[in-house]
Amino acid sequence: MSSSSKASERILSLLDENSFVEVGALVTARATSFNLTPEQTPSDGVVTGYGTIDGNLVFVYSQDSSVLGGSIGEMHAKKIADLYDLAVRTGAPVIGLLDSTGLRLQEGTDALNAFGTIYAKQAKASGVIPQITGVFGTCGGGLALVAGMSDFTFIAEDAKLFVNSPNAIDGNKNKDTAASSFKAESGAADAVASEEEVLGKIRTLVSLLPSNNEDEAVSECTDDLNRACTAIAANAEDASAAVRDLADNYEFFETKADFAKDMITGFIRLNGSTVGVVANAQTKLSTNGCRKAARFVNFCDAFEIPVVTYTNADGFASTEDEEKTVARAAAQLAGAFAGATVPKLNVVVNAIGSAYAVMNAKALGADITIALPETKIGIMEGRFAAQILGKDGDDKAALAKEYDELQNSSASAAARGYVDQISEAADVRKYVIGALEMLYTKREDSAFIKKHGTV
């Protein structure tokens with residue numbers, strides 16, 4: 001390896017032992033302005049190569065902050081771009097370990113063009129191979145876009161991620177907008193952890209994901225396929241517990257856990273196969289929750305990962321700020337589900353109003369919808385409908401009960417074909433696994449000729 005720098009140590013900690021092969025170790029900067037010499041830029045500030053994680057091929061680059069602050073110049077970017085070309089040709093993920101002061105001032109427009117070169121490679125690789133970023137040290141300016149264009153981003157606790165430094169933001173006096181916690185809460189990061197834990201999370205995620213958009217992510221299942229699920233019945237409002245209860249060995253890799261907490265997204269395994277999960281942690285859908293889920297569904301669809309939803313929704317968040325943006329965000333979520341051609345299953349606990357319609361409803365293309373016996377599915381709850389439909393002197397309680405039975409019950413929805421199966425909570429796991437096995441050979445082609453949607 002080119003050096004014993006922190007950049008190299010991170011790679012060795014991330015990859016399987018003795019698996020890393022460095023490429024481009026002899027590359028140095030071509031620029032000579034401002035007294036810049038090749039001796040100052042070993043590997044031009046970035047270690048690049050390939051290795052394995054749990055035996056799976058990955059490509060990795062790690063910026064070396066000990067070399068001109070890990071700054072990005074022409075040859076630094078060329079090494080990363082060449083690595084992307086190799087990764088796309090071989091169908092393997094790219095992992096970037098960022099630790100850089102940003103553009104290399106000595107190289108001027110060459111450095112500026114270098115950023116664009118990396119962005120272009122990321123854009124072309126998007127949806128073809130997974131892109132994962134770990135942020136260490138400083139990640140500022142245009143480099144923050146590299147993290148933003150990645151599929152998943154993890155930040156070390158003491159790292160900084162920013163486009164504009166906190167002291168350059170008008171009116172900002174006290175808030176550290178570059179702090180890892182701020183970025184996690186704003187959705188720019190999937191998790192904040194110690195440096196060692198960040199590398200561990202990346203390893204775990206790689207083991208869950210397919211290597212490319214034509215691969216599968218399957219491992220041996222050691223859990224009972226018919227194991228009873230008790231969490232939904234015990235507490236239908238605890239979506240996280242319900243997801244873990246559904247998963248093989250109760251293991252759930254949550255993404256963006258600190259952002260838009262009304263919506264839960266992440267990966268589980270079912271009978272050994274990786275499945276994406278979207279679940280309502282709160283019954284009111286928010287703008288950020290819809291956006292978070294929509295991007296996650298799009299990722300799963302790009303990489304042929306089935307999606308299971310846990311629907312417990314009865315409306316949209318109702319504040320002045322939400323009213324400005326929630327319609328557009330909910331439309332994006334509806335568009336993501338409608339456009340996804342992967343197997344889609346919906347486990348419905350509660351579904352009232354139009355919020356249900358955007359949560360992987362039958363009309364949006366859910367292949368199988370499973371409801372619990374006590375599930376309510378309808379326009380509005382009977383107690384509200386009774387106030388509208390009832391006349392003076394009517395028994396509103398009786399009318400509400402009748403309305404719930406005729407219009408809001410899982411049985412009434414099943415009678416109309418909107419629910420495929422009514423299951424006791426304890427049996428949900430085995431029925432979901434069975435449905436996914438049935439949908440394994442699902443094929444769905446659009447009848448329309450179009451470049452892409454615009455929702």
Side-chain angles (χ1 to χ4, degrees), residues 187 229 231-246 252 254-266 276-294 296-297 307-334 336-337 344-364 366 369-388 400 403-404 407-410 412-413 418-419 422-423 425 428:
C229 292
I232 300 177
N235 185 358
E237 296 181 356
D238 190 346
S240 181
V243 171
R244 292 182 186 281
D245 199 24
L246 182 68
F252 175 40
E254 188 171 357
T255 58
K256 290 182 169 49
D258 294 326
F259 172 62
K261 294 184 178 181
D262 60 291
M263 192 77 76
I264 292 174
T265 59
V277 175
V278 176
N280 299 123
Q282 299 174 18
T283 60
K284 305 298 183 185
L285 276 62
S286 72
T287 295
N288 285 337
C290 289
R291 288 173 177 166
K292 171 181 173 179
F296 182 78
V297 171
V307 176
V308 173
T309 47
Y310 175 87
T311 300
N312 185 9
D314 61 12
F316 296 95
S318 54
T319 67
E320 184 176 340
D321 287 340
E322 283 289 335
E323 192 61 25
K324 296 175 183 177
T325 54
V326 72
R328 175 63 177 164
Q332 290 173 329
L333 180 56
F337 277 123
K344 295 177 288 188
L345 274 70
N346 194 358
V347 178
V348 185
V349 173
N350 186 53
I352 300 295
S354 54
Y356 163 62
V358 305
M359 274 297 297
N360 195 22
K362 197 74 172 173
L364 292 182
T369 298
I370 299 173
L372 306 181
E374 62 275 17
T375 293
K376 289 185 178 181
I377 301 178
I379 295 176
M380 67 172 62
E381 292 188 26
R383 58 196 175 100
F384 298 122
Q387 301 301 318
I388 299 172
Y403 187 88
D404 280 335
Q407 296 292 342
N408 287 342
S409 69
S410 54
S412 65
Y418 305 132
V419 168
I422 298 175
S423 167
V428 167

With side chain to side chain contact (heavy atoms under 4.5 Å, CB included) as the criterion, how do K292 and V278 come out once you've worked through the C-alpha distance, each side chain's angles and the decisive distance to 0.1 Å? CA-CA 10 Å; K292 171 181 173 179; V278 176; over 6 Å; no
Interatomic distance, I370 atom CD1 to S423 atom OG [nearest 0.5 angstrom]: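 I370 CD1 to S423 OG: 6.5 Å, rounded to 0.5 Å.
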I want to check something: taking the side chain as every heavy atom from C-beta on, are V307 and F296 in contact at a cut-off of under 4.5 Å?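 No. Closest side-chain heavy atoms not under 4.5 Å.
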Is there a side-chain contact between T375 and I422, using heavy atoms and a 4.5 Å cut-off?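 No, side chains not in contact.
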Considering all heavy atoms of both residues, which atom of [X] and which atom of [Y] are nearest to each other, and what is their separation?
| X | Y | result |
| --- | --- | --- |
| S410 | A371 | CB-CB, 3.9 Å |
| L285 | A313 | CD1-CB, 3.6 Å |
| S240 | I264 | N-CD1, 3.6 Å |
| G289 | A260 | N-CB, 3.5 Å |

So, does [X] use its side chain to make a donor-acceptor pair with the main chain of [Y] at under 3.5 Å?
| X | Y | value |
| --- | --- | --- |
| K344 | N360 | no |
| T265 | T255 | yes |
| S409 | S412 | yes |

Would you please name every residue forming a ring pair (Phe, Tyr, Trp, His ring centres under 6.0 Å) with Y310, sequence neighbours left out? none
Side-chain donor-acceptor pair under 3.5 Å between N346 and T369, yes or no? no
Does I352 form a side chain to side chain contact (heavy atoms under 4.5 Å, CB included) with K376? I'd like the steps, not just the answer. CA-CA 7 Å; I352 300 295; K376 289 185 178 181; 4.0 Å; yes
Can you tell me which residue among T311, T309, N350 is in a side chain to side chain contact (heavy atoms under 4.5 Å, CB included) with N280?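 Filter result, single survivor: T311.
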Which atom pairs, donor and acceptor, lie under 3.5 Å between side-chain atoms of residues 315-326 and protein residues at least two apart or in another chain?
from	atom 1	to	atom 2	distance (Å)
T319	OG1	E322	N	3.1
E322	OE1	T287	N	2.9
E322	OE1	T287	OG1	2.8
T325	OG1	T287	OG1	2.8

Take I377 and V419, measure what side chain to side chain contact (heavy atoms under 4.5 Å, CB included) needs, and give me the verdict at the end. CA-CA 9 Å; I377 301 178; V419 168; 3.5 Å; yes
Partner set under salt bridge (charged side-chain N to carboxylate O under 4.0 Å, His left out) for K256, not counting sequence neighbours: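 Testing K256 for salt bridge (charged side-chain N to carboxylate O under 4.0 Å, His left out), a comparison that skips the adjacent residues, returns D190.
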